[in-house]
Amino acid sequence: MAPQNPSLPTGPDSGPVEFSVDLTAHEVLRQAQVLAALGPDWDPVEVMRQEEAAYALLYSGLDERQQSVYDELVAAGVLPRRGDGRAAA
């Protein structure tokens, strides 16, 4: 019976074996499927516009303490600076 954990070969020909897989065709297929799922009406510019509007709404109407935390997060680089660096009123 062969051992369950055979030792690796040693000697002059036991160096690393080159192994490569070309995923180009699979990636093209994946991209085609994603675009098909998004449909013909998908508008990336409008999506970005809506995302910016959502961020403006998210950071709007902050009280003094919340604004202070927001400012600290912007200063620390956790949140991107928007406009004049203040949350929308």
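- Rounded to the nearest 0.5 Å, atoms CG (Leu79) and OH (Tyr55) are 8.5 Å apart.
- Note that the CG atom of Asp43 and the CD atom of Gln50 stand 8.5 Å from one another [nearest 0.5 Å].
- There is a side-chain donor-acceptor pair under 3.5 Å between Asp71 and Gln67.
- Atom-to-atom distance recorded for Glu51:CD and Glu46:CD is 12.0 Å, nearest 0.5 angstrom.
- Between Arg65 and Asp63 the shortest heavy-atom distance is N-OD1, 3.1 Å.
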Next on the checklist: Show, in sequence, the C-alpha distance, side-chain angles and deciding distance for Arg30 and Glu27, and conclude whether the salt bridge (Lys or Arg N to Asp or Glu O under 4.0 Å) test is met.
Outcome noted: CA-CA 5 Å; Arg30 186 195 67 78; Glu27 181 64 14; 2.7 Å; yes
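- You'll find the side chain of Val47 stays beyond 4.5 Å of the side chain of Val45, heavy atoms only.
- Not counting sequence neighbours, Glu18 has no partner by the salt bridge (Lys or Arg N to Asp or Glu O under 4.0 Å) test.
- Note on Val78: it clusters hydrophobically with Leu58, by side-chain heavy-atom contacts below 4.5 Å among ILVMFWY residues.
- Clustering ILVMFWY residues whenever any of their side-chain heavy atoms sit less than 4.5 angstrom apart, transitively, puts Phe19 in the very cluster that holds Leu23.
- Leu29 is linked by a side chain to side chain contact (heavy atoms under 4.5 Å, CB included) to Gln33, counting only residues two or more places apart in sequence or in another chain.
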